[in-house]
2 protein chains.
Amino acid sequence: MARRSEHTTEELKEIAIRAGFEMMDEKGYQGFSARGVAAKMGYTVGTIYHLFGDLDTFILNVNARTLDEWYEDEVSRAPKKAEQLVRYYAHSYLAYARAHYNRWSALFEHRMQDDAPVPKWYAPKMMRMFDLIEGAVMPHVGDDPKAAARLAKLMWASVHGISTLSLQGKLDQTGAGAAERMIDDLIALAVGGKKVFVGFDKR
Amino acid sequence: MARRSEHTTEELKEIAIRAGFEMMDEKGYQGFSARGVAAKMGYTVGTIYHLFGDLDTFILNVNARTLDEWYEDEVSRAPKKAEQLVRYYAHSYLAYARAHYNRWSALFEHRMQDDAPVPKWYAPKMMRMFDLIEGAVMPHVGDDPKAAARLAKLMWASVHGISTLSLQGKLDQTGAGAAERMIDDLIALAVGGKKVFVGFDKR
DNA sequence: ACCTGAACACCGTTCAAGT
DNA sequence: ACCTGAACACCGTTCAAGT
């Protein structure tokens, strides 16, 4: 047996990605498997390899789906008032990580085998997140693009660290909202005064 | 066959942990396996289970070894001048993560299966790192212990995020020393002025 | 009591062979 | 061209049986 041809290759890829996306949510990165996804779609493992070449590429496609939905979410719910943007993005990052822990952490748990480079089409999906934050941060650094890029990455990385350690229970924090308060502290430090970061780049 | 009795149980545990520690360095968390460690020690897989009960406990023991050596390292190399401590610990964190990436990242890649709680003896090995940073941060918050604990966790998490994303190549940074500069920026924000954080807790 | 060997239920990966 | 089924080399986990 073989050759069902019930779907085009493109349709089948979409079905696989959706099934993979669901399995990531249900089982997490460590419980994710090509065989499991294949079973979920009613096909054989070989089909996954036929469609994507290798497991890395498949996982990248699943993670790309996460990044697309996440980005969409961030953009569509962003407030219009510029002065609220930094606070919004920072808290929104933590909220997303909390609400969709498995699919979010898969983004960072996945490693290319043999340290192969990430394909060119994938990297921008991660990087374009910076553009949002850069824009949000811009008014706080006197509209200096270089300072904005630099502060945006610092804040992104810091919020990421807070989210990671907090959700992994590695911060010894007591009570709900502790991580949220840390983010508030970070915002206060980074963007608390008005235009504290003019000259950020010249120190 | 069985019962070699060449070593006591304690000795065998030590041998297993050392072999596991080495394998973590060589293969990384994702390439780590009980079977591989057993082969490395010249025993069967069953022995690992006999010694530690389950794989989680074994990995925890290996990671504990990392935390012990790391802590030792931090303490022994810390500068004596109090005003250099924050800068030292922040950069030292990144330097350790960079130099021992596999064993360091294993600390954060490991998850208990079925979301079992981390055993009581393990948690403090992670948490005592905070004590160092709390002490370092203390003079910057007017010797307020609560503010120190809060700022220490914020800095720890932020430096962790910078290290994670930077070493994973997810920060789109060009040139060497970019992560180091981010840490300098963080320090400038958090601890740059003198005693900026008096009243940190009362906002 | 300590350790082995084998078994079981899973993986990722490859590929000849069917339609 | 598409997809299967089977094979291979790995896993984690358990446990009866040897010393």
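Side chains included, hydrogens not; waters and symmetry mates left out as well; all remaining heavy atoms used. Here the structure is a predicted model, which means the values were calculated and not measured. Throughout, a chain's letter reflects where its sequence line sits, starting with A, and its residues are numbered from 1.
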### Summary
Encoded 5' to 3' (Watson-Crick or G-U under 3.5 Å; [ ] crossing; | other strand), DNA chain D becomes ||.|||||...|||||.||
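- Of the candidates Trp104(B), Tyr89(B), Phe130(B), His160(B) forms a ring pair (Phe, Tyr, Trp, His ring centres under 6.0 Å) with just one, namely Trp104(B).
- One can place CZ of Phe52(A) at 12 Å from P of dC3(D), the figure rounded to the nearest angstrom.
- Using a 4.0 Å heavy-atom criterion, one finds that Thr47(B) contacts the bases of the nucleic acid, with or without backbone contacts as well.
- Under the 3.5 Å distance criterion, the side-chain polar atoms of Ser166(B) are left unmatched by any main-chain donor or acceptor of Ser163(B).
- Between the side chain of Asp114(A) and the main chain of Ala116(A), no donor-acceptor pair closer than 3.5 Å is present.
- When the nearest nucleotides of DNA chain D are assigned to Arg35(A) and Leu51(A) by heavy-atom distance, the more 5′-ward of the two goes with Leu51(A).
- For the pair Gly53(A) and Gly31(A), nearest-nucleotide mapping onto DNA chain C gives the more 5' position to Gly31(A).
- Between the CG atom of Asp54(A) and the P atom of dT13(C) there is a distance of 7 Å, given to the nearest Å.
- The side chain to side chain donor-acceptor pair (under 3.5 Å) contacts involving residues 119-131 of chain A comprise Asp68(A)-Lys125(A), Asp68(A)-Arg128(A), where partners must be two or more places apart or lie in separate chains.
- Counting to the nearest Å, the P atom of dC3(C) and the CD1 atom of Ile15(B) are 10 Å from each other.
- Note on Gln113(A): only backbone sugar-phosphate atoms sit closer than 4.0 angstrom, heavy atoms only; bases stay farther off.
- Taking side-chain N and O atoms only, Ser5(B) has no distance below 4.0 Å to OP1 or OP2 of dA1(C).
- Closest approach to the Ser33(A) side chain among dC3(D), dC3(C), dG12(C) is made by dG12(C) (side chain taken as heavy atoms from C-beta onward).
- Counting only heavy atoms from C-beta on, Tyr49(A) has its side chain closest to dT14(C) among dC3(D), dT14(C), dC11(C).
- In this structure, NZ of Lys13(B) is placed 16 Å from P of dA1(C), rounded to the nearest angstrom.
- At whole-Å resolution of the value, CG in Asp114(A) and P in dG12(C) are 16 Å apart.
- Of the possible polar contacts, one joining the Tyr88(A) side chain to the Glu74(A) backbone as a donor-acceptor pair under 3.5 Å is found.
- Atom CD in Glu6(A) sits roughly 11 Å away from atom C1' in dC3(D) (whole-Å rounding).
- Side-chain atoms of Asp54(A) and Thr57(A) form a donor-acceptor pair, as typed in the model, at a separation below 3.5 Å.
- Atom CG in Leu12(B) sits roughly 10 Å away from atom P in dC2(C) (whole-Å rounding).
- Checking side-chain atoms of Gln30(A) against main-chain N and O of Glu109(B) turns up a donor-acceptor pair under 3.5 Å.
- Nucleotide dT13(C) holds its P atom 17 Å from the NE2 atom of His50(A), rounded to whole Å.
- The Thr44(A) side chain lies nearest to dG5(D) when the options are dC2(C), dG12(D), dG5(D).
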